[in-house]
Amino acid sequence: MAQTTPNHTQTVSGWAAHDSSGKITPFNFKRRENGENDVTITILYCGMCHTDIHHVKDDWGITKYPVVPGHEITGIITKVGSNVSKFKIGDRVGVGCLAATCLKCEYCEGSQENYCDQVEFTYNGIFWDGSITYGGYSKMLVADHRYVVRIPDNMAMDRTAPLLCAGITVYTPLKDNNLVDTKGKKIGIIGLGGLGHVAVKFGKAFGHHVTVISTSPSKEQEAKDNLGADDFILSTNPKQMLEKKRTLDFILDTVSAKHSLGSYLELLKVNGTLVIVGAPDKPIDLPAFPMIFGKRTVKGSMIGSIEETQEMMDLCGEHNILSDIEIITTDQINEGLDRLANNDVKYRFVIDIAGPSSHL
C-alpha cells in the first residue's frame with residue numbers, strides 16, 4: 001500500500017500496475033474522507049491516455065507503484081464538502097489531470113495553475129496531505145472541487161471523458177493563438193489520433209480551413225469524409241509538401257514519436273506558429289533555417305487551467321463536439337493498453353468503469 005493518512009478510511013476498488021511490466025490487475029486501496037473542499041464522485045467512465053502507458057511501464061522513471069492510472073474521468077457527484085457551493089449531489093462532472101496546486105503563485109492566481117511549480121496530478125502525484133494520488137481506473141474518486149468541471153447535460157459521459165485531457169490539450173493552444181474567436185485561418189493538424197481528431201473538430205467548429213498532415217495515406221478519407229477536414233497532406237510525399245509551402249497560418253503538432261520539424265515549418269506562412277503538444281520521449285529535430293527565413297515561431301503547450309477546461313467543455317456542449325471512442329470493459333484494460341501502444345484505436349479507448357448501469 002502506498003502512503004496514506006489516518007483520514008484515508010474509504011476502501012475503493014480499482015485497477016493498478018504493480019511493476020514495470022505494466023500489467024494491470026484489480027487493486028483495493030484507500031481514499032480520503034470527503035473534506036470541506038472536496039466532492040466525492042462515482043466514476044462512470046475513464047479515458048485511456050498514452051501517458052497511462054508511460055506511467056505503468058515507468059518509461060519516465062518516476063512511477064510510484066502501485067499506480068492507478070486515469071485522468072480522463074467522468075462521473076456523478078455523491079457528496080459535497082461544506083465549502084463547496086458550485087456543485088451539488090447528482091451533478092455530472094469531469095476530472096482531468098490536475099489534483100492540486102499551490103493556489104498562491106503567479107500562475108495559480110493568473111488562471112494558469114497547470115504551470116504551477118507545485119502542481120500535482122490526478123495519479124502518481126503527492127496530494128497536500130502527503131498521500132499518493134490514485135486515478136480514474138477505479139470506482140470512486142475524492143477530488144478538491146477547484147479541480148472539477150461541470151459537464152453540459154447534452155454531452156454523452158463516455159465520449160466526453162477524453163476531452164478532460166486530449167480535448168483541453170488541443171483547445172488551449174488554439175485559444176492562445178486567437179483561433180477560438182477569430183475565423184477564416186488556415187490551420188494544419190499533424191497526426192490524426194486521439195488528440196488530432198479532436199483538434200480537427202475544434203478547428204472546423206471555430207470556422208477555420210483545416211488541413212490534416214499525416215504519414216498515413218489511409219487517413220485522408222477519414223480526415224475529409226468523417227471529420228470534415230478541408231485538405232490533406234501526405235508528409236512523406238515531397239511534391240505535396242512543396243505544393244503546400246507557405247500556405248498555413250498555424251500548425252498543431254500532436255505527434256508523440258521522434259520527428260523533424262523542418263519540413264513542417266516550411267508549410268507555414270511568414271510569421272506562422274507551430275505548437276507542440278505531442279510528447280516524444282527523444283529530442284525532436286529543429287533546423288534553424290526554416291525558422292530564420294520565415295520568421296516562424298515554435299512553442300510548446302500542456303493541458304490548460306480549470307477555467308479553460310470549463311470554457312472548452314461549454315463550447316463542446318454548444319457545438320456538439322465529442323471524442324470518437326471505443327468502449328472497453330475493465331477486464332479489457334491490458335488489451336486496450338497494448339492496442340493503444342500500437343495506435344490500434346479510433347481514436348480513444350474509454351473504460352466503462354461502472355458497467356452497463358453507467359450508460360447515461
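Residue numbers start at 1 and run along the sequence shown. Basis for what follows: all heavy atoms, side chains included, without hydrogens, waters or symmetry-related copies.
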Undergrad: Quick one: pull up CZ in Phe127 and OG1 in Thr133 and give me the separation to the nearest 0.5 Å.
TA: 9.0 Å
Undergrad: Of all heavy-atom pairs between Cys108 and Thr101, which one has the smallest distance, and what is that distance?
TA: SG-OG1, 3.4 Å
Undergrad: Under the side chain to side chain contact (heavy atoms under 4.5 Å, CB included) criterion, do Lys185 and His209 qualify, and how do the steps go?
TA: CA-CA 6 Å; Lys185 296 295 184 180; His209 182 282; over 6 Å; no
Undergrad: What heavy-atom pair brings Met48 and Ile333 nearest, and what distance separates the two atoms?
TA: CE-O, 3.8 Å
Undergrad: Judged by atom type as modelled, is there a donor-acceptor pair below 3.5 Å linking the side chain of Arg150 to the main-chain atoms of Met313?
TA: no
Undergrad: If the test is side chain to side chain contact (heavy atoms under 4.5 Å, CB included), which one of Asp230, Ile233, Ile190 qualifies with Thr211?
TA: Ile233
Undergrad: Check Ile77 against Phe87 and note the closest heavy-atom contact, atom names and distance.
TA: CD1-CB, 3.5 Å
Undergrad: Atom CD of residue position Glu243 - does it have more than 12 heavy atoms of other residues, nucleotides or ligands inside 6.0 Å?
TA: yes
Undergrad: Quick one: are Glu113 and Tyr107 in side-chain contact, heavy atoms under 4.5 Å?
TA: no
Undergrad: In sequence, state the C-alpha distance, the side-chain angles, and the governing distance for Ser131 and Arg31, and then conclude on side chain to side chain donor-acceptor pair (under 3.5 Å).
TA: CA-CA 9 Å; Ser131 63; Arg31 289 206 189 277; over 6 Å; no
Undergrad: Between Lys299 and Asp176, does any NZ, NE, NH1 or NH2 come within less than 4.0 Å of an OD or OE carboxylate oxygen?
TA: no
Undergrad: Could you go through Tyr347 and Glu222, starting from their C-alpha distance and side-chain angles, then the distance that decides it, and tell me whether this counts as side chain to side chain donor-acceptor pair (under 3.5 Å)?
TA: CA-CA 11 Å; Tyr347 283 97; Glu222 173 71 15; 3.1 Å; yes
Undergrad: For atom NZ of Lys258, decide whether the heavy atoms of other residues, nucleotides or ligands shown that lie under 6.0 angstrom number more than 12.
TA: yes
Undergrad: Does some side-chain heavy atom of Pro173 sit less than 4.5 Å from a side-chain heavy atom of Val277?
TA: yes
Undergrad: State, with a plain yes or no, whether a side-chain heavy atom of Val39 is found less than 4.5 Å away from one of Ile41.
TA: yes
Undergrad: Could you walk me through whether Asp331 and Thr329 pass the side chain to side chain donor-acceptor pair (under 3.5 Å) check?
TA: CA-CA 5 Å; Asp331 59 359; Thr329 58; 2.3 Å; yes
Undergrad: Over all heavy atoms of both residues, which pair between Ile24 and Pro69 is shortest? Give the atoms and the distance, please.
TA: CD1-CG, 4.2 Å
Undergrad: So that I can tick it off, tell me whether Lys175 and Glu311 are bridged by a salt bridge, with the cut-off set at under 4.0 angstrom between side-chain N and carboxylate O.
TA: yes
Undergrad: Near Lys23 NZ, under 6.0 Å, is it more than 12 heavy atoms from other residues, nucleotides or ligands?
TA: no
Undergrad: Looking at Asp117, I want to see if its CG is surrounded by more than 12 non-hydrogen atoms of other residues, nucleotides or ligands under 6.0 Å.
TA: no
Undergrad: Just by distance, do the side chain of Ser235 and the backbone of Ser214 share a donor-acceptor pair under 3.5 Å?
TA: yes
Undergrad: Salt bridge between Asp231 and Lys186, side-chain N to carboxylate O under 4.0 Å?
TA: no
Undergrad: Going from CG on Leu141 to OH on Tyr123, what distance comes out if it is rounded to the nearest 0.5 angstrom?
TA: 13.5 Å
Undergrad: Start with the C-alpha gap between Phe202 and His208, add the side-chain angles, then the distance that decides, and say whether ring-ring contact (aromatic ring centres under 6.0 Å, His included) holds.
TA: CA-CA 9 Å; Phe202 280 146; His208 301 296; over 10 Å; no
Undergrad: Would you say Arg348's side chain and Pro162's backbone share a donor-acceptor pair under 3.5 angstrom?
TA: no
Undergrad: Examine distances only and state if a side-chain atom of His8 and a backbone atom of Thr5 form a donor-acceptor pair shorter than 3.5 Å.
TA: yes
Undergrad: Is there a side-chain contact between Val56 and Thr63, using heavy atoms and a 4.5 Å cut-off?
TA: no
Undergrad: Inspect the contact between Asp249 and Lys269 and indicate whether a charged nitrogen and a carboxylate oxygen are less than 4.0 angstrom apart.
TA: yes
Undergrad: With a sphere of 6.0 Å drawn around CD of Gln240, does it hold more than 12 non-hydrogen atoms of other residues, nucleotides or ligands?
TA: yes
Undergrad: Can you tell me how far CG of Asp352 sits from SG of Cys46, rounded to the nearest 0.5 angstrom?
TA: 11.5 Å
Undergrad: Write down the atom of Asn28, the atom of Thr11, and the distance for their closest heavy-atom approach.
TA: CB-CG2, 4.4 Å
Undergrad: Decide, yes or no, whether a salt bridge links Asp144 with Arg146 under the criterion of side-chain N to carboxylate O below 4.0 Å.
TA: yes
Undergrad: Hey, is Asp38 close enough to Arg32 for a salt bridge, meaning N to O under 4.0 Å?
TA: yes
Undergrad: Could you walk me through whether Thr273 and Arg296 pass the side chain to side chain contact (heavy atoms under 4.5 Å, CB included) check?
TA: CA-CA 6 Å; Thr273 298; Arg296 300 175 177 110; over 6 Å; no
Undergrad: Applying side chain to side chain contact (heavy atoms under 4.5 Å, CB included), run through Tyr171 and Val180 and close with a yes or a no.
TA: CA-CA 8 Å; Tyr171 173 79; Val180 174; 3.8 Å; yes
Undergrad: Please report the C-alpha distance between Ile325 and Ile327 in whole Å, then the side-chain angles of each, then the deciding distance to 0.1 Å, and finally whether the side chain to side chain contact (heavy atoms under 4.5 Å, CB included) criterion is met.
TA: CA-CA 6 Å; Ile325 66 168; Ile327 289 283; 3.8 Å; yes
Undergrad: Taking all atoms of both residues into account, what is the closest heavy-atom pair of Val12 and Lys139, and its distance?
TA: CG1-N, 4.1 Å
Undergrad: Do Val275 and Phe250 make a side-chain contact, defined as non-hydrogen atoms from C-beta onward lying under 4.5 Å apart?
TA: yes
Undergrad: Applying the side chain to side chain contact (heavy atoms under 4.5 Å, CB included) test to Leu261, which of Asp253, Asp285, Ile251 qualifies?
TA: Asp253
Undergrad: Return yes when atom CD of Gln310 has more than 12 non-hydrogen atoms of other residues, nucleotides or ligands closer than 6.0 Å, and no otherwise.
TA: yes
Undergrad: Which value, rounded to the nearest 0.5 Å, describes the distance between His55 atom NE2 and Phe121 atom CZ?
TA: 8.0 Å
Undergrad: Is there a donor-acceptor pair closer than 3.5 Å between any side-chain N or O of Thr74 and the backbone N or O of Met157?
TA: yes
Undergrad: Just do the side chain to side chain donor-acceptor pair (under 3.5 Å) check on His54 and Thr51 with the steps written out, would you?
TA: CA-CA 5 Å; His54 293 307; Thr51 303; over 6 Å; no
Undergrad: Do the side chains of Ile303 and Leu98 get nearer than 4.5 Å, heavy atoms only?
TA: yes
Undergrad: Any side-chain heavy-atom pair from Lys224 and Phe232 closer than 4.5 angstrom?
TA: yes
Undergrad: Are the side chains of Ile168 and Leu163 in contact, using a 4.5 Å heavy-atom criterion?
TA: no
Undergrad: How far does OG1 of Thr236 sit from CE of Met241, to the nearest 0.5 angstrom?
TA: 9.0 Å
Undergrad: OG/Ser305 to OH/Tyr115 distance, rounded to the nearest 0.5 angstrom?
TA: 9.5 Å
Undergrad: Any carboxylate oxygen within less than 4.0 angstrom of a Lys/Arg side-chain nitrogen, looking at Asp324 and Lys201?
TA: yes
